[in-house]
Amino acid sequence: MKINLIILTSVFCIAVSCSVLKTERNDIAGTFYKKGSKNKFNYEYGLKISSDGSFLLSYKVHGANAQCDGIWKQSNDTLFLNCNEEKDIALMLSSGYMNKREYVLKIINRDKLRLDDIVLKRIE
């Protein structure tokens, strides 16, 4: 009987620790940031997620300061960012334009998001 109780307790602890942390829309809202260096180039990523479904993504790398804003959606542990269409042709030709208009982020937990191989950490 004791062995069954120990096994049952162990299985329960493993199941709880392996479960995916479910985050709600208001839980994920905030500001995330990462500064680092890759291939001898410094970079900075910033992401502000609002609870109303809007976001602002920005990055600085190798002299380029690009940003986009748009709408985000969450599905389980994944965040989908869709940038608004840019109408300013001058901005589209500048270093401030992001050619990529859709991004997929993995929610690691409430305070960390993975964008490709970059982990953004909550600062607000």
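In this chain, residues are counted from 1 in sequence order.
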S.K.: Is there a side-chain contact between I107 and T78, using heavy atoms and a 4.5 Å cut-off?
M.R.: no

S.K.: With no hydrogens and no angle check, is any side-chain donor or acceptor of Q74 less than 3.5 Å from a backbone partner on N76?
M.R.: yes

S.K.: Look up atom NZ in K112 and atom NZ in K106, then write down how far apart they are to the nearest 0.5 Å.
M.R.: 14.0 Å

S.K.: Apart from V104 itself, what residues make up its hydrophobic cluster, given side-chain heavy atom links below 4.5 Å?
M.R.: F80

S.K.: For the residue pair E44 / Y59, report whether a side-chain donor-acceptor contact shorter than 3.5 Å exists.
M.R.: no

S.K.: Tell me, do R101 and C68 make a side-chain contact under 4.5 Å, heavy atoms counted?
M.R.: yes

S.K.: Could you give the distance from CD (Q67) to NZ (K48), rounded to the nearest 0.5 Å?
M.R.: 13.0 Å

S.K.: What distance do S54 atom OG and I71 atom CD1 have between them, rounded to the nearest 0.5 Å?
M.R.: 6.0 Å

S.K.: Would you give me the side-chain donor-acceptor pairs under 3.5 Å for residues 114-124, sequence neighbours excluded?
M.R.:
{"from": "D117", "atom 1": "OD2", "to": "K38", "atom 2": "NZ", "distance (Å)": "2.6"}
{"from": "R122", "atom 1": "NE", "to": "R110", "atom 2": "O", "distance (Å)": "3.2"}
{"from": "R122", "atom 1": "NE", "to": "D111", "atom 2": "OD1", "distance (Å)": "2.9"}
{"from": "R122", "atom 1": "NH1", "to": "A29", "atom 2": "O", "distance (Å)": "2.8"}
{"from": "R122", "atom 1": "NH1", "to": "E124", "atom 2": "O", "distance (Å)": "3.2"}
{"from": "R122", "atom 1": "NH2", "to": "D27", "atom 2": "O", "distance (Å)": "3.0"}
{"from": "R122", "atom 1": "NH2", "to": "R110", "atom 2": "O", "distance (Å)": "2.7"}

S.K.: Does a side-chain heavy-atom distance below 4.5 Å link I49 with L81?
M.R.: no

S.K.: Can you name the residues that form a side-chain contact (heavy atoms from CB on, under 4.5 Å) with D69, not counting sequence neighbours?
M.R.: L56, N84

S.K.: I'd like to know whether L47 forms a side chain to side chain contact (heavy atoms under 4.5 Å, CB included) with L113, so could you lay out the CA-CA distance, the side-chain angles of the two residues, the decisive distance to 0.1 Å, and finally the verdict.
M.R.: CA-CA 10 Å; L47 174 61; L113 304 174; 3.9 Å; yes

S.K.: Taking W72 for the side chain and S51 for the main chain, is one N or O donor matched with an acceptor at less than 3.5 Å?
M.R.: no

S.K.: Looking only at non-hydrogen atoms, find the nearest pair between K100 and E102 and report the distance.
M.R.: CE-O, 3.1 Å

S.K.: Just to verify, what does Y43 make a ring pair (Phe, Tyr, Trp, His ring centres under 6.0 Å) with, not counting sequence neighbours?
M.R.: Y45

S.K.: Are any of the side-chain heavy atoms of Y33 and T31 separated by less than 4.5 Å?
M.R.: no

S.K.: Which distance, rounded to the nearest 0.5 Å, do you find between the CG of L105 and the CG of D77?
M.R.: 11.5 Å

